[in-house]
Amino acid sequence: MTTLTTPVTAPHTSASTPAQALSQAMAQRPLIAILRGLTPAEAPAMGEALVSSGFAIIEVPLNSPQPLQSIATLAQQFPQTLIGAGTVCHAQQVNDVHAAGGRLVVAPHFNPAVVAQALALGMVVLPGVATPSEAFAALDAGAHGLKLFPAEMISPAAVKALRAVLPPHTPLVPVGGITPNNMAAYLAAGATGFGLGSALYAPGRSAEQVRDMARAFVLALNAAAP
């Protein structure tokens with residue numbers, strides 16, 4: 001069972017492949033912080049609030065203010081954390097994220113060009129899927145895991161059905177509408193972890209409020225984990 005402990009501080013550079021980097025980060029804490037709307041000025045304090053709560057994966061969606069600057073700041077300040085971008089829709093954006101120091105690409109959909117470019121640059125890539133056809137196509141293209149999005153449309157029963165047919169160790173990460181109250185049902189159905197959006201961070205929320213929400217999610221994960 002996952003516990004709320006002092007976060008691992010050794011850099012993930014020991015991982016020789018992106019798949020291993022993702023596996024290590026998910027093993028530490030299978031929660032992805034989605035900081036949509038983050039500003040570069042907020043990045044250090046928000047990163048500290050999350051890392052001190054044991055988070056090992058942070059994404060800054062590209063429709064945030066100056067997202068590449070925020071990613072660069074987070075990557076430099078928290079090298080032990082898997083940092084990258086969300087809402088990555090085009091291959092050129094993958095290049096931009098990589099140049100900023102990001103090692104993670106998360107997309108709302110499956111775009112083969114995005115997956116291919118992330119793989120070419122040695123980055124972790126999690127495309128968004130909502131159907132078995134999309135899921136298998138993304139895995140065939142080399143995706144390291146699957147963002148199940150929007151989770152409001154993908155019930156725990158649907159996750160269970162997907163888990164029954166997908167390769168057994170495929171990371172499945174529901175995103176959209178996830179709260180501490182609905183995590184247990186998804187985990188029981190076979191979810192590997194979660195992407196946490198506005199329930200964790202929203203513009204105007206203080207670092208202390210984000211830390212409190214992060215710890216609430218960790219406690220809920222601990223209680224629900226098998």
Open item on the list: Please check: side-chain N/O of Ser155 versus main-chain N/O of Ala158, any donor-acceptor pairing under 3.5 Å?
Closed with: yes
Task: Distance-only donor-acceptor check, side chains Thr39 and Glu42, under 3.5 Å - done: yes
Task: Gln76, CD atom: more than 12 neighbouring heavy atoms under 6.0 Å - done: no
TODO: Please round to the nearest 0.5 Å and tell me the distance separating atom CE of Met46 and atom OH of Tyr201.
DONE: 5.0 Å
Task: Separation of Tyr186 OH from Leu172 CG (nearest 0.5 Å) - done: 12.0 Å
TODO: Mind listing the closest non-hydrogen atom pair of Ala141 and Leu119 along with its distance?
DONE: O-CD1, 3.3 Å
Task: Thr170 and Arg163 side chains, donor-acceptor separation under 3.5 Å - done: no
Open item on the list: Within the structure provided, determine whether Thr87 and Arg36 are in side-chain contact (heavy-atom separation under 4.5 Å).
Closed with: yes
Task: Any Thr73 side-chain heavy atom under 4.5 Å of Pro44 side chain - done: yes
Task: Under 3.5 Å donor-acceptor, Glu152 side chain and Gly177 backbone - done: yes
Task: Side-chain donor/acceptor of Ser53 to backbone N/O of Ala49, under 3.5 Å - done: yes
Task: side-chain contact (heavy atoms from CB on, under 4.5 Å) against Glu134, all qualifying residues, sequence neighbours excluded - done: Val129, Ala130, Thr131
Open item on the list: Quick check for you: to the nearest 0.5 Å, what is the distance between Ser64 atom OG and Leu62 atom CG?
Closed with: 7.5 Å
Task: pair Leu219-Pro180: side-chain heavy atoms closer than 4.5 Å - done: no
Open item on the list: Using a 3.5 Å distance criterion without hydrogens, assess whether the side chain of Gln28 forms a donor-acceptor pair with backbone atoms of Ala25.
Closed with: no
Open item on the list: Between Gln69 (side chain only) and Gln66 (backbone N and O only), is there a donor and an acceptor less than 3.5 Å apart?
Closed with: no
Open item on the list: Pair Val94, Met123 - check side chain to side chain contact (heavy atoms under 4.5 Å, CB included), show working.
Closed with: CA-CA 9 Å; Val94 179; Met123 302 172 76; 3.8 Å; yes
Task: Nearest atoms (heavy-atom pairs only) where Gly190 meets Val159 - done: C-CG1, 4.2 Å
Task: For Thr81 against Ala56, the heavy-atom pair lying closest together - done: CG2-O, 3.3 Å
- [ ] Without swapping roles, check the side chain of Arg215 against the backbone of Val210 for a donor-acceptor pair under 3.5 Å.
- [x] no
- [ ] Start with the C-alpha distance between Leu50 and Leu200, add both sets of side-chain angles, then the distance that settles side chain to side chain contact (heavy atoms under 4.5 Å, CB included), and finish with yes or no.
- [x] CA-CA 10 Å; Leu50 293 164; Leu200 174 65; 3.9 Å; yes
- [ ] Measure the shortest side-chain to side-chain distance between Leu22 and Pro18 over non-hydrogen atoms and say whether it is less than 4.5 angstrom.
- [x] no
Task: Main-chain N/O of Ser16 paired to Gln20 side chain as donor or acceptor, under 3.5 Å - done: yes
- [ ] Find out whether Ile32 and Leu196 are in side-chain contact, i.e. whether some heavy atom of one side chain is under 4.5 Å from a heavy atom of the other.
- [x] no
TODO: Output the distance between atom CD1 (Ile154) and atom CZ (Phe149), rounded to the nearest 0.5 Å.
DONE: 9.0 Å
Task: Shortest non-hydrogen contact from Gln80 toward Val51 - done: NE2-CG1, 3.3 Å
Task: Pro127 to Ala143 - nearest heavy-atom pair and separation - done: CD-CB, 3.5 Å
Task: Leu187 side, atom CG; Leu221 side, atom CG - distance, nearest 0.5 Å - done: 6.0 Å
- [ ] Give the C-alpha distance, both sets of side-chain angles, the deciding distance and a yes or no for side chain to side chain contact (heavy atoms under 4.5 Å, CB included) between Leu82 and Val124.
- [x] CA-CA 9 Å; Leu82 185 58; Val124 174; 4.2 Å; yes
TODO: Quick one: pull up CG in Leu146 and CG in Leu166 and give me the separation to the nearest 0.5 Å.
DONE: 6.5 Å
Open item on the list: Is there a side-chain contact between Gln93 and Asn95 in this structure, where contact means two heavy atoms from C-beta onward sitting under 4.5 Å apart?
Closed with: no
- [ ] Verify side chain to side chain contact (heavy atoms under 4.5 Å, CB included) between Ile58 and Leu104, making sure each step is shown before the conclusion.
- [x] CA-CA 9 Å; Ile58 300 174; Leu104 169 70; over 6 Å; no
Task: For the student: nearest non-hydrogen atoms of Ser70 and Pro65, plus distance - done: OG-O, 4.3 Å
Open item on the list: Given 3.5 Å as the limit, does a donor-acceptor pair link the side chain of His144 with the main chain of Val125, or not?
Closed with: yes
Open item on the list: Please check: side-chain N/O of Thr179 versus main-chain N/O of Asn181, any donor-acceptor pairing under 3.5 Å?
Closed with: yes
Task: All pairs passing salt bridge (charged side-chain N to carboxylate O under 4.0 Å, His left out) where residues 186-214 contributes a residue, at least two apart - done: Glu208-Arg211
Task: Cys89 side chain reached by Pro108 side chain, heavy atoms, under 4.5 Å - done: yes
Open item on the list: Using only atom types and a distance under 3.5 Å, with no angle test, would you say the side chain of Ser23 pairs donor to acceptor with the backbone of Ala19?
Closed with: no
